[in-house]
Amino acid sequence: MHKGKYVFSQLLDFLDRNDFNYLARKYDGDKYVKQFTCWNQLCVLMFGQLSNRESLRDLVLATQAHASKAYHLGFGKSATKSNLSKANTNRDYHIFEEFAYQVVAEARKCRATEIFKLGGNVYAFDSTTIDLCLSAFEWALFRKRKGGV
């Protein structure tokens with residue numbers, strides 16, 4: 001059983017929700033909205049971006065696959081295709097644009113004062129596949145059935 005916060009919800013903790021709600025009120029983003037708020041829309045769109053979804057249908061299927069965890073991930077249970085498409089069509093894009101500029105400005109400000117100040121160990125993993133040329137690497141064993149080198 002999962003005991004801590006999900007990684008995605010930890011990423012959302014870095015965003016200032018008060019600033020975002022101010023922008024949503026400024027542009028009437030949540031006017032006449034009962035369930036699928038601007039914050040829910042932002043969370044779903046961020047989830048789609050970070051999980052490399054290619055279409056609206058793909059994004060909605062991914063959110064429905066995580067329906068039991070939707071509340072804990074931060075995007076609510078009402079992320080359907082119709083809700084998301086209506087929200088993308090009807091809501092003012094300036095809400096998200098100004099918030100993105102605020103987040104970028106805050107990141108630049110933090111980077112300017114604390115460059116590479118990281119606590120603890122930092123690890124980088126590279127998962128790319130490197131093809132070997134057997135004529136250059138004669139020591140490599142080659143199998144003709146499963147796998148390659």
Side-chain angles (χ1 to χ4, degrees), residues 1-133 137 140 143 146-149:
M1 181 174 186
H2 184 73
K3 301 226 180 209
K5 289 181 82 171
Y6 291 105
V7 174
F8 184 72
S9 63
Q10 291 176 23
L11 288 173
L12 291 178
D13 288 342
F14 286 108
L15 302 178
D16 191 0
R17 192 165 178 172
N18 290 329
D19 288 345
F20 186 80
N21 288 337
Y22 169 76
L23 292 171
R25 282 190 308 274
K26 178 180 174 183
Y27 292 104
D28 290 331
D30 287 335
K31 193 172 185 180
Y32 306 118
V33 173
K34 294 180 182 174
Q35 290 184 351
F36 196 65
T37 63
C38 289
W39 181 257
N40 295 126
Q41 182 183 4
L42 175 73
C43 295
V44 169
L45 293 175
M46 280 182 56
F47 180 78
Q49 189 70 29
L50 293 173
S51 60
N52 198 22
R53 300 296 164 196
E54 295 178 358
S55 65
L56 185 67
R57 178 174 287 141
D58 188 19
L59 173 59
V60 170
L61 287 174
T63 57
Q64 289 174 353
H66 297 292
S68 63
K69 300 175 258 187
Y71 175 77
H72 297 291
L73 287 171
F75 47 79
K77 295 187 182 242
S78 57
T80 62
K81 186 177 173 188
S82 61
N83 280 348
L84 191 57
S85 65
K86 285 178 187 175
N88 287 340
T89 303
N90 297 333
R91 289 199 176 127
D92 195 357
Y93 72 93
H94 289 99
I95 300 167
F96 306 102
E97 181 184 38
E98 282 189 33
F99 187 66
Y101 284 135
Q102 285 180 2
V103 170
V104 168
E106 185 178 335
R108 283 185 180 157
K109 185 172 54 173
C110 291
R111 187 179 179 279
T113 58
E114 300 176 4
I115 298 174
F116 296 119
K117 184 177 180 183
L118 302 171
N121 296 332
V122 178
Y123 300 98
F125 295 101
D126 186 8
S127 63
T128 56
T129 304
I130 300 171
D131 295 326
L132 298 177
C133 177
F137 300 99
R143 296 186 324 178
K146 284 187 175 180
V149 176

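Note that the coordinates shown come from a computational prediction; the quantities given were computed from them, not determined experimentally. Side chains are part of it too, since the values below use all heavy atoms of this structure and drop only hydrogens, waters and symmetry mates.
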Could you tell me whether the side chain of [Y] reaches within less than 4.5 Å of the side chain of [X], counting heavy atoms only?
{"X": "Gln102", "Y": "Leu23", "value": "yes"}
{"X": "Thr80", "Y": "Thr63", "value": "no"}
{"X": "Cys43", "Y": "Leu73", "value": "no"}
{"X": "Val60", "Y": "Arg53", "value": "no"}
{"X": "Gln41", "Y": "Leu84", "value": "yes"}
{"X": "Leu42", "Y": "Phe99", "value": "yes"}
{"X": "Val44", "Y": "Phe36", "value": "yes"}
{"X": "Glu98", "Y": "Lys26", "value": "yes"}

### Query
With a 3.5 Å cut-off and no angle check, do the side chains of Ser55 and Asp58 form a donor-acceptor pair?
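No pair is found: no donor N or O on one side chain lies under 3.5 Å from an acceptor on the other.
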
### Message
With no hydrogens and no angle check, just 3.5 Å: does a side-chain donor-acceptor pair link Asn83 and Gln35?
### Response
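No, because no side-chain N or O of Asn83 sits under 3.5 Å from a partner of the opposite role on Gln35.
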
Interatomic spacing from [atom1] in [X] to [atom2] in [Y] - rounded to 0.5 Å:
{"X": "Leu45", "Y": "Leu59", "atom1": "CG", "atom2": "CG", "result": "6.5 Å"}
{"X": "Ile95", "Y": "Cys38", "atom1": "CD1", "atom2": "SG", "result": "4.0 Å"}
{"X": "Leu15", "Y": "Glu106", "atom1": "CG", "atom2": "CD", "result": "9.0 Å"}
{"X": "Tyr93", "Y": "Tyr27", "atom1": "OH", "atom2": "OH", "result": "9.0 Å"}
{"X": "Arg91", "Y": "Asp28", "atom1": "CZ", "atom2": "CG", "result": "11.5 Å"}
{"X": "Lys69", "Y": "His66", "atom1": "NZ", "atom2": "NE2", "result": "5.0 Å"}

### Message
Is it true that, when you exclude His94 itself, more than 12 heavy atoms of the residues, nucleotides or ligands shown sit nearer than 6.0 Å to its NE2?
### Response
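Above 12, so yes.
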
### Query
Just wondering, are more than 12 heavy atoms of other shown residues or ligands nearer than 6.0 Å to OH in Tyr22?
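Atom OH in Tyr22 is not packed in, count stays at 12 or less.
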
#### Entry: Backbone of Thr37 reached by a side-chain donor or acceptor of Asn40 within 3.5 Å
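Yes, the answer is positive, given that a donor and an acceptor are paired below the 3.5 Å cut-off.
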
### Query
Under 3.5 Å, side chain of Ser9 to main-chain N/O of Lys5, donor-acceptor pair present?
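Answer holds: no.
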
### Message
Can you tell me how the ring of Phe20 sits relative to the ring of Phe96, calling it parallel under 30°, perpendicular over 60° and tilted otherwise?
### Response
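Phe20 vs Phe96 ring planes: tilted.
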
### Message
Minimum heavy-atom separation for Leu56 and Ser85, please, with both atom names.
### Response
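In terms of heavy atoms, the two residues are closest at CD2-CB, 3.8 Å.
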
